[in-house]
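Counting begins at 1 with the first residue of the sequence. Side chains included, hydrogens not; waters and symmetry mates left out as well; all remaining heavy atoms used.
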Amino acid sequence: MIELKGSEKLQVLKKADLQINTGLNALDPVLSWFAQLYDPRIPTSVWIRCQLALAEGFTNAVRHAHEGKRPDLPVDIEVAVCTESVEMKIWDSGPTFDLDKKIKDMSEKIDPEASGGRGLKLMKDIADSLSYTRTADGRNCLSIVKNYTPISQMDDEEDILQLPEELSG
């Protein structure tokens with residue numbers, strides 16, 4: 001069980017860890033690994049946002065935290081799919097920084113024509129909780145939590161059986 005501040009305990013449906021070497025070519029295997037954790041109770045729109053946040057977090061670790069470091073330096077990823085949230089953690093070995101300050105500074109000077117530079121803001125917009133902290137072992141942990149209202153099979157069946165208003169005439 002995972003307990004979040006101000007909430008009841010959430011049941012963990014699936015939990016997995018991945019350690020992968022630094023490199024943008026590792027993004028496809030990361031996303032393939034993540035896809036295996038999908039649970040049909042998670043709305044598709046939420047899952048797609050989680051996938052985007054994970055991709056942004058991983059590529060930021062590779063491009064910024066591990067820039068200039070050896071290519072076999074690992075990035076660790078942990079995902080817990082809970083009954084009402086998806087919780088993702090990404091550990092890197094780069095220098096630490098103040099996430100909130102960086103997002104605020106970036107928001108003031110984002111170039112809409114630039115090909116990058118919006119990842120942190122995007123993650124902040126997607127996540128219900130976003131943090132970046134230094135761990136006791138000298139690494140950094142980016143934590144992304146996205147809450148959702150589960151889809152029940154009954155809801156799906158009822159949706160399928162309901163005729164759209166245009167057809168029920």
Side-chain angles (χ1 to χ4, degrees), residues 1-4 10-103 106-107 110-111 114-151:
M1 295 283 193
I2 294 177
E3 188 172 353
L4 298 175
L10 302 175
Q11 181 183 359
V12 176
L13 304 172
K14 298 176 184 179
K15 187 173 183 179
D17 302 282
L18 177 68
Q19 185 174 73
I20 195 154
N21 289 343
T22 295
L24 290 178
N25 59 340
L27 181 59
D28 285 341
V30 167
L31 294 177
S32 293
W33 167 81
F34 182 69
Q36 297 172 25
L37 299 172
Y38 176 71
D39 186 278
R41 289 169 274 207
I42 302 171
T44 304
S45 62
V46 170
W47 187 253
I48 290 168
R49 286 179 177 90
C50 290
Q51 182 181 32
L52 179 57
L54 178 64
E56 288 293 339
F58 175 75
T59 56
N60 279 354
V62 170
R63 285 186 176 150
H64 304 293
H66 289 184
E67 181 181 26
K69 298 188 183 292
R70 64 183 205 274
D72 64 339
L73 185 64
V75 173
D76 292 312
I77 303 170
E78 175 185 285
V79 174
V81 175
C82 302
T83 52
E84 295 182 5
S85 68
V86 177
E87 303 173 8
M88 301 170 281
K89 293 184 178 181
I90 303 168
W91 286 269
D92 68 60
S93 299
T96 191
F97 69 95
D98 183 332
L99 177 69
D100 293 329
K101 183 179 182 326
K102 184 79 168 173
I103 290 171
M106 290 174 65
S107 296
I110 287 181
D111 177 2
S115 62
R118 294 183 278 289
L120 290 176
K121 173 113 173 57
L122 186 61
M123 284 187 284
K124 181 79 170 167
D125 291 345
I126 290 170
D128 292 300
S129 171
L130 183 71
S131 65
Y132 189 73
T133 55
R134 192 73 161 181
T135 60
D137 63 0
R139 297 184 303 161
N140 303 301
C141 179
L142 175 67
S143 175
I144 307 164
V145 178
K146 179 65 180 164
N147 299 322
Y148 67 91
T149 302
I151 297 172

Original post:
Is there a side-chain contact between N140 and F97, using heavy atoms and a 4.5 Å cut-off?
Top reply: no
**OP:** Just do the side-chain contact (heavy atoms from CB on, under 4.5 Å) check on E78 and D17 with the steps written out, would you?
**Re:** CA-CA 4 Å; E78 175 185 285; D17 302 282; 3.3 Å; yes
Original post:
If you look at every heavy atom in R134 and P95, which pair is closest and at what distance?
Top reply: NH1-C, 4.2 Å
Subject >> Inter-residue atom distance K146.NZ - I42.CD1, 0.5 Å rounding >> reply: 12.0 Å
**OP:** Evaluate the side-chain proximity of I103 to L130: yes if any heavy-atom separation is below 4.5 Å, no if none is.
**Re:** yes
Original post:
Yes or no on side-chain contact (heavy atoms from CB on, under 4.5 Å) for W33 and I77, after CA distance, side-chain angles and deciding distance?
Top reply: CA-CA 10 Å; W33 167 81; I77 303 170; 3.7 Å; yes
Subject >> Exercise: identify the closest heavy-atom pair between P43 and Y148 >> reply: CD-CD1, 3.7 Å
Original post:
If you take all heavy atoms of N21 and P71, which pair is closest and at what distance?
Top reply: CB-O, 3.5 Å
Original post:
In Å, rounded to the nearest 0.5 Å, how long is the span from OG of S85 to CD of Q11?
Top reply: 11.5 Å
For residues 58-67, tabulate all N or O donor-acceptor pairs below 3.5 Å that involve a side-chain atom, not counting sequence neighbours.
from : atom 1 : to  : atom 2 : distance (Å)
T59  : OG1    : A55 : O      : 2.9
T59  : OG1    : E56 : O      : 3.2
H66  : ND1    : T22 : OG1    : 2.6
H66  : NE2    : S93 : N      : 2.8

Subject >> Residue from T96, D92, D76 passing side-chain hydrogen bond (donor to acceptor under 3.5 Å, both in side chains) with R139 >> reply: D76
Original post:
Measuring from T44:OG1 to I151:CD1, what's the distance to the nearest 0.5 Å?
Top reply: 6.0 Å
Original post:
Which pair of heavy atoms, one from D128 and one from N147, lies closest together, and at what distance?
Top reply: OD2-N, 2.6 Å
**OP:** Examine distances only and state if a side-chain atom of K69 and a backbone atom of G94 form a donor-acceptor pair shorter than 3.5 Å.
**Re:** no
**OP:** For the pair L31 and Q51, evaluate side-chain contact (heavy atoms from CB on, under 4.5 Å) and give the outcome as yes or no after the intermediate values.
**Re:** CA-CA 7 Å; L31 294 177; Q51 182 181 32; 3.7 Å; yes
Subject >> Reported OG-to-CZ distance for the pair S45 and R49, which is rounded to 0.5 angstrom >> reply: 5.0 Å
**OP:** Please step through side-chain contact (heavy atoms from CB on, under 4.5 Å) for the pair R41 and T83, ending with a clear verdict.
**Re:** CA-CA 8 Å; R41 289 169 274 207; T83 52; 5.7 Å; no
Original post:
Would a 4.5 Å heavy-atom cut-off, applied to side chains only, mark K14 and Y38 as touching?
Top reply: no
Original post:
So W47 and F34, would you call those rings parallel, tilted or perpendicular, with 30° and 60° as cut-offs?
Top reply: parallel
Original post:
Salt bridge or not for D125 and K121, using N-O below 4.0 Å?
Top reply: yes
Subject >> Option from L120, I90, T133 for which side-chain contact (heavy atoms from CB on, under 4.5 Å) with L142 holds >> reply: I90
**OP:** Please tell me if the side chains of C50 and L54 come closer than 4.5 Å, counting only heavy atoms from C-beta onward.
**Re:** no
Original post:
What's the shortest heavy-atom distance between A53 and M88, and which atoms?
Top reply: CB-CE, 4.3 Å
Original post:
So, for T135 and C141, which heavy atoms are closest and what is the spacing to 0.1 Å?
Top reply: CG2-CB, 3.9 Å
